[in-house]
Amino acid sequence: MTAGRNVSYELLVAYVDGQLSRAEREYALTLLEQEPELSRRAWDLRQVKDMVTFAYESVVPPALAAPPKRRGLLRSMGGWVAILSLVAAGLLGCALVASGGRGDRIARSPVGPAPVVAAESVSAPGTATGPVRRAAPLVRPADTPA
Amino acid sequence: MNFLCRLCKSWLIRQRAVRMTPQLYRVAYAWSHDPDRAADAVERAVAEAVADHALLRAPGRLPVRLYQGLHRADADGKATSGDGASPAGPAAAGAIERRVRSAMAELTPDQRRAVILVDVGGCSYGDVAEVLELPVGSVVDNICKARARLKERILSRPGNRTPAQVVSLESAR
């Protein structure tokens, strides 16, 4: 029994289709080198495969065959970017409205009317909580009647 | 952030699907030999794949998903319009194309689909099995029978040229 008869037709077809593992491919190649008849059959199968591929190569209409026009990521996602920008702006607006009162007082205090109770920032010794606001003692002017 | 990632993946999937359109059309046309049905099948397959959220987790499965959609669309098209397309395709095709398409039309649908997916679509046997929902053994069997039939029909006729000769003739035109 020759080596060629051990090779199944399926193995030959799979070899032509490139579906064999590396070890199987090397085994098939060795057999093909030893058996001219196998080599001829493989060549015929390869011809059929190439002809089938070739026969349908040019059926694509020009409208589909033309590669799509390359566009930048931002340009092609323009609609999404616009929507995301609107959502981000909305969220920012909500955040500003939510913190609006406090931020407004903080912003106005240096230029607004003098506070009734003066405050000074001191660091509480022994604490790491940062500055605390402590009311300054009110001093009555000397000429003010009691 | 997660939303942005999904958005970018969806965009990439759409771009890849669009780039695969010519190849999808070749496969769909080779299955049906009907330009209109092939175009419809491609359009439907791309739309289905783009809308498939499972691809966001496994974008590498896009070709298989596209061919699955193509297969479903082709089967539905055959059910509605029948298999009345000309087996040899448009008359403008060359002699080799006509011969191959004529031989292809003599195969069974499963044989034709399998061999086209391998030769035109570039699929592996495993992918073909997944697309056609058949065991791999059946796919190998179909491909082997199809190859034998095609070889008998295409190469046994006198005056056939080798693919290298065909390509050189085509490029010389």
Side-chain angles (χ1 to χ4, degrees), chain A residues 7-21 24-25 37-38 40-88 90-91, chain B residues 3-4 7-8 10-12 14-15 18-19 21-30 33 35 38-39 42 89-90 93-94 96-101 103-104 115-116 118-120 122 124-126 137 140-141 143-144 146-155 160-164 166-167 170:
Chain A
V7 179
S8 66
Y9 183 63
E10 285 83 2
L11 182 71
L12 208 57
V13 172
Y15 168 75
V16 170
D17 285 338
Q19 303 289 322
L20 296 180
S21 66
E24 288 172 329
R25 194 166 60 245
E37 174 61 20
L38 268 184
R40 191 189 62 78
R41 288 172 64 192
W43 173 247
D44 286 349
L45 287 172
R46 182 73 209 183
Q47 272 191 309
V48 171
K49 182 180 174 69
D50 288 348
M51 283 177 140
V52 169
T53 307
F54 175 78
Y56 295 103
E57 195 66 32
S58 57
V59 298
V60 182
L64 282 179
K69 189 179 177 182
R70 292 184 68 87
R71 299 191 301 172
L73 180 66
L74 287 180
R75 278 192 66 186
S76 58
M77 296 179 69
W80 286 105
V81 169
I83 291 172
L84 282 177
S85 302
L86 285 175
V87 170
L91 288 175
Chain B
F3 173 72
L4 279 178
L7 194 64
C8 288
S10 173
W11 179 81
L12 289 173
R14 183 183 292 272
Q15 292 298 307
V18 169
R19 275 200 299 271
T21 301
Q23 194 174 350
L24 291 172
Y25 183 86
R26 284 188 196 102
V27 171
Y29 180 86
H33 288 158
V42 169
I96 297 293
E97 287 95 327
R98 278 202 306 272
R99 188 174 302 148
V100 169
R101 292 175 201 178
M104 199 63 75
V115 83
I116 287 295
V118 171
D119 289 354
V120 181
S124 68
Y125 289 175
V140 173
D141 189 47
I143 289 175
C144 288
R147 290 253 186 270
R149 191 78 180 268
L150 289 172
K151 180 183 162 189
E152 178 189 338
R153 290 289 175 183
I154 296 173
L155 293 186
N160 283 349
R161 299 185 178 95
T162 63
V166 171
V167 171
E170 291 293 326

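Keep in mind that the numbers below use all heavy atoms, side chains included, and drop hydrogens, waters and symmetry copies. This structure is a prediction, so every number in the text was calculated from the model and none was measured. Proteins get letters first, then strands, A, B, ... in listed order; numbering begins at 1 in each.
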Subject >> Salt bridge present between B/Glu152 and B/Arg149 (N-O < 4.0 angstrom) >> reply: no

Original post:
Are the side chain of B/Arg147 and the backbone of A/Val48 linked by a donor-acceptor contact shorter than 3.5 Å?
Top reply: no

**OP:** Could you check which of A/Ala55, A/Gly18, A/Ser58 has the highest count of heavy-atom pairs closer than 4.5 Å to chain B?
**Re:** A/Ala55

**OP:** Could you check which of B/Val120, B/Leu150, B/Asp119 has the highest count of heavy-atom pairs closer than 4.5 Å to chain A?
**Re:** B/Asp119

Subject >> chain B contact via A/Glu10 - side chain, backbone, both or neither, heavy atoms under 4.5 Å >> reply: both

Under 4.5 Å heavy-atom distance to chain A, tell me which part of [X] shows up: side chain, backbone, both or neither.
X        : answer
B/Ile116 : side chain
B/Val140 : side chain
B/Ala148 : both

Original post:
Taking side chain as C-beta onward, heavy atoms only, is B/Glu97 less than 4.5 Å from A/Tyr56?
Top reply: no

Original post:
Which heavy atom of A/Met51 sits nearest a heavy atom of B/Val100, and at what distance?
Top reply: O-CG2, 3.9 Å

Original post:
Where do B/Tyr125 and A/Gln19 come nearest, in terms of heavy atoms and distance?
Top reply: N-OE1, 3.1 Å

